[in-house]
Amino acid sequence: MDRRATALLLVAGLVLWMAPACLADATVDATTMPKVDNGVSSGHATQTDTTTMAREKEAMSNSAKRFRAGAEEFTFQAEVNRLMDIIIHSLYSNKDIFLRELISNASDALDKIRFLSLTDKEQLGTGETSQLEIKIWLDPETKTLNIRDRGIGMTKDDLIKNLGTIAKSGTSAFLEQMQKGGDMNLIGQFGVGFYSVYLVSDYVEVISKHNDDTQYIWASTADGSFSISEDKENEPLGRGTLIKIHLKDEAQEYASEGKLKELVHRYSEFINFPIYLQTEKEVDVPVEEEEAKEEAKEEEGEEEEDEEGAEDAEEETKEEEKPKATRKEKRKEWDLLNDNKAIWLRKPSEVTEEEYQKFYKAVSKDYTDALNYSHFRAEGDVEFRSILYIPSIAAYDFYDKYYEKAQHGLKLYVRRVFISDDMKELIPRYLSFVKGIVDSDTLPLNVSREMLQQEAALKTIKKKVVRKVLDMIRKMAETEVKCKAMEEKGETEDKPSEKDCGQYGKFWEQFGRAIKLGIIEDSTNRNRLAKLLRFHTSKSGDKLTTLDEYIGRMKEGQKNIYYLAGTSKEEVAASPFVEQLLKKGYEVIFFTDVLDEYVMGHLLDYDDKKFANASKEDLKLTDKDEVEKKKDKELKESFKDLTKWWKKVADDKNLQNVKVSSRLATTPCVVVTGKYGNSANMERIMRAQAFSRPGASFTPTQRTLEINPRHPLVRALKEKLDAASEDTMDEGSIASARLLYETALFESGFVPDDPKAFSQRMYAMLKNQLGVDTLEVDEDVEEEPAAEEQAEEKEAKDEL
């Protein structure tokens, strides 16, 4: 079949997409349905243009042979012209969902007969008819895919109403969505799921048997009409529905057992009823060689007498011990495809730990056990059940591809039917490592009537899911704190298990960065996430601590939470920025992750305590009395000339100011930045990011040089300046001032703008220290012999 013919059949087939998903949507009585005369009804023809009429006539003439003799033929009610546009926009959309829709319909039919059997057991029948199951098999000879259920089945009127009438609810919206280029995944949301079968088929037969009627065949080639006839050619179904899908040539991929298994596992894994697929397997069958030999001997009339009974018995024993010969034989078997049960429908108290972990591995495709999980049912405006898992190991590319495309691990189900596994509306990006399912029986999917309701419903679900995940993490964190406190006190009674005590440590190691990203991105839950932070401090040793523990150890009268960021704990601990803080007994948080300073840009306070960066210019240790303030003022005034001169001779456009510092203890000077400027650590990160992007530029922040008025080197410079003047300062003092500033840049984490000038000043200082007269290299070096001379010498050696 060529592509044009395929498109023609799909055009007619999409006429069927407007039919209702259930009997409640039908409004047309079977007796009023128009019948087809010679292929096209006059009423239908008036709704189409000349081109469409010609196409329909051609398609119907090709399909006339498929209609059975004596069958009643009907026309679909449809807006063919508009559906032509849908075909154009949706010809290459996702076809896989047809199987999901058919299995979902089969499950609904099974649910209905099961419900009726609760009050009338005779409805269910006996024998095979009572087995509520769905079976799928392929027929290679006829190129058909068959799907059978033992559900309630359909009467003749049901076939006409359910499969031949436009559904009123959702029709217009479906057309609008498709004309905008909507995805075929929307099919199941508009009550037109059955007709997705025409994405893969050009001819469909629906054989159905209801307890109250005989067995009928509904058939259509998606050409604008369908036929119904009493079934006298197929085996009796007993009850239920069999759909025969004649696959198109371009849809032969669905004639593969592997493809069908993949689709069932993806979309229908947790349907309430067993789904079986008929598979062909090659098995070893034993060959009875001895029996064949005996029969041959009897035919030839050969008779042999036993010589000795004992010897015969021994030979028989040996023969029995020999492995029997086998031959290969193909057999058809029914494989159960959905053996994973929807355990979220059960009460948490009824599910074992082993079942939870098995379900996690089935949902996440992970080989390790989940670190923790939460099983709950939410009630209210939107009701849903959910199981949420925290993996024990983060995906290898979770952070690398965080901003490219977050891989959301939550699967959305509606009445156990898979809808999507890419629902960013269900969980924020920073929690996208969470695996599990959300299943709702009440989630509105009819976008045409309830777009606002759907958005509100998803927001409600997201809010509850986030709260559950954070509660789960919080409980792990609280258990860890409790274990640590009991360990310090030496208490063992009622202490949580070692596994529970170590859970949060494992979580922080794998997903600590995700929590930090949450603080940056989620302003609503920022305080909750801040409680989950872990870090090293100047007093925590090798153990991680919390903000609450830090506040509990704060000095009396301390108003700020002090921190400093760097590349390692050892580097930060030895930084000149924290000298005075540590000397006075203040605890300093050591931030060593690249995200930490970004986090501090959003987390300004915690529990009424302000955060203070030790590398910023406005650092205040304690409130000073009037006497101390007067002394500081006098000290700054005495160094006023030095600071003014130092800024001038430093010769750095990024140096904004030079001032006397109160944060230094043993270091002569340090370089800081303003309150809203980038610290040295942040500048380093931003510089690396800029250099990694072609065409990007980086602008250093404005800096301030803080000098230690008690340091001998600083006092020496002051004395030299006091003894002379700015214009008469010797070159050695100027070079020393510049060298001190550049050394402070290095020690503070900055990079000098002119490394060559810094190295020259360093060499000059070493020259004076070592008593060297000049730094010029002696060029009177013995020259290497020319190549010709080397060759002559070699020849002379060879002759000797």
Side-chain angles (χ1 to χ4, degrees), residues 266 356-357 359-374 386-412 418 420-438 458 461-463 465-477 480 502-526 528-536 544 565 567 591-603 685-686 688-689 692-693:
R266 176 171 174 79
Y356 277 124
Q357 296 295 357
F359 183 75
Y360 165 72
K361 292 174 182 177
V363 170
S364 66
K365 311 305 178 188
D366 193 359
Y367 64 93
T368 60
D369 287 346
L371 186 64
N372 206 343
Y373 54 84
S374 177
S386 179
I387 300 182
L388 306 174
Y389 291 93
I390 295 177
S392 56
I393 301 175
Y396 73 96
D397 59 349
F398 176 73
Y399 297 108
D400 293 339
K401 296 184 178 180
Y402 183 79
Y403 289 106
E404 294 178 18
K405 183 181 180 182
Q407 299 296 322
H408 295 84
L410 283 189
K411 299 176 184 287
L412 176 64
F418 175 74
S420 176
D421 59 357
D422 188 23
M423 295 294 293
K424 57 181 178 293
E425 296 87 355
L426 288 182
I427 198 164
R429 178 169 50 191
Y430 72 93
L431 293 179
S432 59
F433 61 84
V434 175
K435 309 292 184 183
I437 63 94
V438 172
L458 289 176
I461 293 176
K462 180 179 180 179
K463 184 177 180 181
V465 166
V466 171
R467 187 183 303 155
K468 284 293 182 180
V469 173
L470 295 184
D471 283 347
M472 184 169 27
I473 300 173
R474 175 184 56 79
K475 289 177 182 177
M476 288 194 297
E480 180 207 46
Q503 269 190 339
Y504 192 73
K506 294 178 181 178
F507 170 82
W508 182 256
E509 180 182 353
Q510 296 294 323
F511 303 107
R513 278 192 172 185
I515 298 300
K516 296 175 183 178
L517 288 165
I519 292 175
I520 297 171
E521 299 173 0
D522 188 355
S523 59
T524 303
N525 294 296
R526 188 163 290 156
R528 291 182 182 178
L529 293 168
K531 288 182 176 292
L532 304 175
L533 287 175
R534 295 292 184 271
F535 39 76
H536 289 284
L544 293 171
T567 57
F591 284 139
T592 57
D593 188 84
V594 293
L595 284 177
D596 288 337
E597 282 208 79
Y598 289 105
V599 171
M600 289 298 100
H602 295 81
L603 190 64
I685 295 170
M686 295 179 67
Q689 291 175 340
S692 67
R693 296 192 298 268

To the nearest 0.5 Å, what is the distance between [atom1] on [X] and [atom2] on [Y]?
{"X": "Glu509", "Y": "Arg534", "atom1": "CD", "atom2": "CZ", "answer": "14.5 Å"}
{"X": "Leu517", "Y": "Leu595", "atom1": "CG", "atom2": "CG", "answer": "5.0 Å"}
{"X": "Tyr402", "Y": "Ser432", "atom1": "OH", "atom2": "OG", "answer": "6.5 Å"}
{"X": "Leu529", "Y": "Leu431", "atom1": "CG", "atom2": "CG", "answer": "7.5 Å"}
{"X": "Leu533", "Y": "Leu603", "atom1": "CG", "atom2": "CG", "answer": "7.0 Å"}
{"X": "Lys468", "Y": "Tyr373", "atom1": "NZ", "atom2": "OH", "answer": "14.0 Å"}

With heavy-atom distances below 4.5 Å as the criterion, would you say the side chains of [X] and [Y] are in contact?
{"X": "Gln503", "Y": "Lys475", "answer": "no"}
{"X": "Leu371", "Y": "Gln510", "answer": "no"}
{"X": "Lys516", "Y": "Tyr430", "answer": "no"}
{"X": "Phe535", "Y": "Asp593", "answer": "no"}
{"X": "Ile427", "Y": "Lys462", "answer": "no"}
{"X": "Leu532", "Y": "Phe511", "answer": "no"}

Restricting to side-chain contact (heavy atoms from CB on, under 4.5 Å), what partner residues turn up for Ala565, sequence neighbours left out?
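With neighbours one apart ignored, the set is Phe591, Glu597, Asn681.
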Give a yes or no answer on whether the side chain of Thr592 reaches the backbone of Thr567 with a donor-acceptor pair at less than 3.5 Å.
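No, the answer is negative, given that no donor and acceptor are paired below the 3.5 Å cut-off.
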Minimum heavy-atom distance between [X] and [Y], given as atom pair plus value:
{"X": "Gly512", "Y": "Tyr399", "value": "N-OH, 4.2 Å"}
{"X": "Glu480", "Y": "Gly505", "value": "OE2-N, 4.1 Å"}
{"X": "Ala370", "Y": "Gln357", "value": "N-OE1, 2.8 Å"}

Quickly, which of Val434, Leu388, Leu470, Leu426 forms a side chain to side chain contact (heavy atoms under 4.5 Å, CB included) with Val465? Name it, please.
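Single side chain to side chain contact (heavy atoms under 4.5 Å, CB included) partner of Val465 among Val434, Leu388, Leu470, Leu426: Leu388.
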Once side-chain hydrogen bond (donor to acceptor under 3.5 Å, both in side chains) is applied, do any residues pair with Arg526, and if so which ones, sequence neighbours excluded?
none
Taking side-chain hydrogen bond (donor to acceptor under 3.5 Å, both in side chains) as the definition, give me every residue that meets it alongside Thr368, ordered by chain and number, with sequence neighbours left out.
Asp366, Ser392
Plane angle bin for Tyr360 and Tyr389 - parallel if under 30°, tilted between 30 and 60°, otherwise perpendicular
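If you compare the ring of Tyr389 with that of Tyr360, the planes turn out tilted.
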Partners of [X] by salt bridge (charged side-chain N to carboxylate O under 4.0 Å, His left out), sequence neighbours excluded?
{"X": "Lys531", "result": "Asp548"}
{"X": "Asp522", "result": "none"}
{"X": "Arg474", "result": "Asp471, Glu478"}

Could you give me the CA-CA distance, side-chain angles and deciding distance for Leu544 and His536, then say whether side chain to side chain contact (heavy atoms under 4.5 Å, CB included) is met?
CA-CA 5 Å; Leu544 293 171; His536 289 284; 3.5 Å; yes
Derivation and outcome, ring-ring contact (aromatic ring centres under 6.0 Å, His included), residues Phe507 and Tyr504:
CA-CA 5 Å; Phe507 170 82; Tyr504 192 73; 5.5 Å; yes
